[in-house]
**Q** 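Take this structure first; my questions come after.
The basis for the numbers below is simple: all heavy atoms, side chains too, and nothing from hydrogens, waters or symmetry mates.
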Protein chains: 2
Amino acid sequence: MTHKTTLKDVADAAGVSINTASRALNHKPDVKEETKERILRIAKDLHYVPNAMAQALKGKHTRSIGVIVDDLSNPFFAEVLKGAEEVAASRGYAVTVGNSAEDPKKELHLVRTMIEQRTAGLLITPTQKDSSFISLLHQEPLPFVLVARRFESIATHAVLNDDFSGAYQAVEYLLRQGYQNILFLNAPTYLWSASQRLHGFRQAMEAAGRAIEPWQIQCCLPTLQGSYEGMREILPTLTAAPDAVFAFSDYMALGAIKALREAGLRVPDDIGIMGYDGIDVGDMISPALTTVRIAKRRLGREAARSLIHLVENGPGNAKQTILPPELVIRQSTPERTQAIKDIQ
Amino acid sequence: MTHKTTLKDVADAAGVSINTASRALNHKPDVKEETKERILRIAKDLHYVPNAMAQALKGKHTRSIGVIVDDLSNPFFAEVLKGAEEVAASRGYAVTVGNSAEDPKKELHLVRTMIEQRTAGLLITPTQKDSSFISLLHQEPLPFVLVARRFESIATHAVLNDDFSGAYQAVEYLLRQGYQNILFLNAPTYLWSASQRLHGFRQAMEAAGRAIEPWQIQCCLPTLQGSYEGMREILPTLTAAPDAVFAFSDYMALGAIKALREAGLRVPDDIGIMGYDGIDVGDMISPALTTVRIAKRRLGREAARSLIHLVENGPGNAKQTILPPELVIRQSTPERTQAIKDIQ
DNA sequence: TTGACAAACCGTACCGGTAACGTTAATATT
DNA sequence: AATATTAACGTTACCGGTACGGTTTGTCAA
């Protein structure tokens, strides 16, 4: 078994001290050019790979950041993660992931693990069912940046989507298309994003002078299955027939569509559908899904950039970056003319 | 700024030596029960978190494994990653991810980073455009397990799906449904999985006594966009009209469906579609997608289990685990009776 | 000649743990 | 009483680097 080559091996082979070898490899001064080149060559020949553990033990921080999300297999979070990985890798950082599964216990456990691993910083989409992990991070202290969500009453760094504006634009658009009875299929409002979008929905309706009936605001688990089952349960209870569904996410829109179709409704002829997120498959299904696109990758990239800045330059005042969403109009929300409405 | 509490702090506070504190925290013998409890309590009060770096530096390996995949936002890999994370987290391991983006250069770079981070082992879905990362891993030596793919000529640990069988079953089923002109929209065959499925396709056709025309085997990039564009290009060049498309993945099936519909074909009335992978959205779209389900999460779990076994018990002979796929019949591949065929 | 100064090294003390090996004092054995 | 044994600690040497401060050698100026 080939003994893992250490800095000492390189130094010995080059006939210099460990110290000199270290300086040469780190391109620091006080090493003759000739010696430096020799050391570098030998290091390469011996396949020397520095031990990040030892470096981290000595220096301030490791070169890896942690990313904790709700659900790794949800394309929204997957894209965010991808963006973060992109930036991290380009800056020489490794990315350690955690899947909280929306379970605050697991979230806390993951944070603890990351602290143990001496992760340099943390990117996290909090479950928002519990904020105790924040005090843990504060007392370390370990820099962290919230992604896509924030706590109303706690000032932290965060990179967010303008969910209020996104929902506002969506509803404004739906009304402009002539929809009269919009059903908002939201996620639980302990999620910042959900409460923001609810806000947006309300404001847009109000601005258009529309009253909101209680049945128009519904809530279910933000998953494919959750929205499918939720929609099935909700449909029979409605006191009026919706002519459009605005879902919290594209995934939820897919689930809703399935439930609507099973109930005998034609999409988009009988009922329009609007999603949120802008996942790739939205454009591949039929009808292509109208949605509000979040710059997911960019969210991840910006967050990673912020975090790495914090790691390398020390803490700063809680700063929030808010990215603008983009309305993406496709085929699932055709125009409703008054004529058609009258016929109905 | 609160100084990060170290083992020494705990020891001092408890009035014992560092060593005793260490033994107490690790539940090792030679510590009086009373002392041990005191130390544990103090450690908790001081929010002591062991430094994994220091432990790793001393011990054999870290408690984190690396996972490198083609594309984090592809639901197939996302599910695999999720499965791996599940097992790793439950065993106290952290998961470091890398996105190779099918780029062998980035793949190599990531492997190098993981080695630097002294990852205990590696899970990897190789790009298969280059196998040089393997020699890097061998000379470390760092245990690794390939996932979903393997190299024909290199014996390594691997956890695989039985892609031959999956494709065979798929084609057999399509033929049983009465399809006469199946188009196989495959991924590049340098991918082990693609070559295996091609094998399965061929064997199943042969077993049914069907000849394979050249146009029936096509290949394009294994992405949503790739299959959409690929299908658009392929369609006009076909010398015969396919009555079914068997795609390498569900994502590719989605892309293909869009291209087919744009070409004026009705799915599934004019042309049947079959995918592979069994991603969740397959069941939500219309028509619900017939597919071959891979136990993705389980793939990730088994791989992580194998790897952790290697890490903790030393290397063993290259062992391959092959998971059976499952045919999932839905609405995208309705029966074609001879009558219908004649009418056409 | 000799002191000043810089270039190019080397020695050594950490970082925060773990583990092999001593040490001490109390109890058990003969 | 003397020796053996053991429970319960403490000492110290690593692990693989980094960084601060010497030490050597050579050049140049006074």
Side-chain angles (χ1 to χ4, degrees), chain A residues 2-40 42-43 46-64 92 113 115-120 140 142, chain B residues 2-40 42-43 46-64 92 113 115-120 140 142:
Chain A
T2 348
H3 193 275
K4 210 162 278 187
T5 68
T6 127
L7 183 56
K8 184 179 178 342
D9 299 331
V10 176
D12 287 353
V16 295
S17 76
I18 296 185
N19 191 335
T20 305
S22 171
R23 283 199 317 274
L25 290 168
N26 292 319
H27 300 97
K28 297 204 167 179
D30 285 351
V31 184
K32 207 199 299 181
E33 195 57 35
E34 183 192 320
T35 317
K36 179 170 164 178
E37 278 168 19
R38 181 160 45 92
I39 293 175
L40 289 177
I42 290 177
L46 263 47
H47 300 105
Y48 168 70
V49 180
N51 185 329
M53 304 299 108
Q55 300 185 132
L57 193 53
K58 185 68 188 170
K60 312 176 193 305
H61 56 255
T62 57
R63 283 194 83 79
S64 75
T113 302
I115 293 175
E116 260 188 58
Q117 302 280 338
R118 289 300 187 271
T119 298
E140 253 337 284
L142 188 64
Chain B
T2 347
H3 192 275
K4 210 161 278 185
T5 68
T6 123
L7 182 56
K8 184 179 181 337
D9 300 331
V10 177
D12 287 353
V16 296
S17 74
I18 296 186
N19 188 339
T20 305
S22 171
R23 283 201 311 271
L25 291 167
N26 293 318
H27 301 97
K28 297 204 169 178
D30 286 351
V31 184
K32 207 201 297 180
E33 196 56 35
E34 183 193 319
T35 317
K36 179 170 165 178
E37 277 168 19
R38 182 161 43 93
I39 294 175
L40 289 178
I42 291 179
L46 263 49
H47 300 106
Y48 168 70
V49 180
N51 185 328
M53 304 298 108
Q55 300 184 132
L57 193 53
K58 185 67 188 171
K60 313 177 193 303
H61 55 255
T62 58
R63 282 193 83 78
S64 75
T113 302
I115 293 176
E116 260 188 58
Q117 302 280 339
R118 289 302 187 270
T119 298
E140 251 339 282
L142 188 64

**Q** Under 4.0 Å, heavy atom to any atom of DNA chain C: which of residues 20-32 of chain B qualify?
**A** Ser22(B), Asn26(B), Lys28(B)
**Q** Check side-chain contact (heavy atoms from CB on, under 4.5 Å) between Ile42(A) and all other residues, then give those that pass, not counting sequence neighbours.
**A** Val10(A), Ala13(A), Ala14(A), Arg38(A), Leu46(A)
**Q** If you restrict it to nitrogen or oxygen atoms, what contacts under 3.5 Å exist between nucleotides 12-14 of chain D and the protein, and what is each distance?
**A**
unit_1, atom_1, unit_2, atom_2, d
dC14(D), O2, Lys58(B), NZ, 2.8

**Q** To the nearest Å, how far apart are Lys36(B) NZ and dC9(D) P?
**A** 12 Å
**Q** Tabulate protein N/O versus nucleotide N/O from nucleotides 24-28 of chain D, keeping only pairs under 3.5 Å, one per line.
**A**
none

**Q** Wobble G-U and Watson-Crick pairs count when both distances are under 3.5 Å; given that, what is the 5' to 3' dot-bracket string of DNA chain D, with | for pairing to other strands?
**A** ||||||||||||||||||||||||||||||
**Q** What residues, two or more places apart in sequence or in another chain, satisfy side-chain hydrogen bond (donor to acceptor under 3.5 Å, both in side chains) together with Thr35(A)?
**A**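 Partners of Thr35(A) by the side-chain hydrogen bond (donor to acceptor under 3.5 Å, both in side chains) criterion come out as none, since no residue qualifies.
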**Q** Residues two or more places apart in sequence or in another chain: which of them pass side-chain contact (heavy atoms from CB on, under 4.5 Å) with Asp12(A)?
**A** Lys8(A)
**Q** Find the distance Ile39(A):CD1 to dC10(C):C1' and express it as a whole number of Å.
**A** 12 Å
**Q** Nearest-nucleotide wise, let me know which of Tyr48(B) and Gly15(A) is further upstream toward the 5' end of DNA chain C.
**A**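 Whichever sits nearer the 5' end wins; that is Gly15(A).
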**Q** Below 3.5 Å, can you tabulate the donor-acceptor pairs from side chains in residues 21-31 of chain B to any protein atom, sequence neighbours excluded?
**A**
unit_1, atom_1, unit_2, atom_2, d
Arg23(B), NH1, Asn19(B), OD1, 2.8
Arg23(B), NH2, Asp30(B), O, 3.3
Asn26(B), ND2, Ser22(B), O, 3.2

**Q** For Gln55(A) and dT18(D), is the shortest distance between a side-chain N/O and OP1 or OP2 below 4.0 Å?
**A**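 For Gln55(A), the contact criterion (side-chain N or O under 4.0 Å from OP1 or OP2 of dT18(D)) is met.
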**Q** What is the distance from CG of Asn51(A) to P of dG16(C), rounded to the nearest Å?
**A** 16 Å
**Q** Can you tell me the distance, in whole Å, between the CG atom of Leu57(A) and the C1' atom of dG17(C)?
**A** 8 Å
**Q** Where each residue is assigned the nucleotide of DNA chain D containing its nearest heavy atom, which of Glu33(B) and Ala54(B) is assigned the position nearer the 5′ end?
**A** Glu33(B)
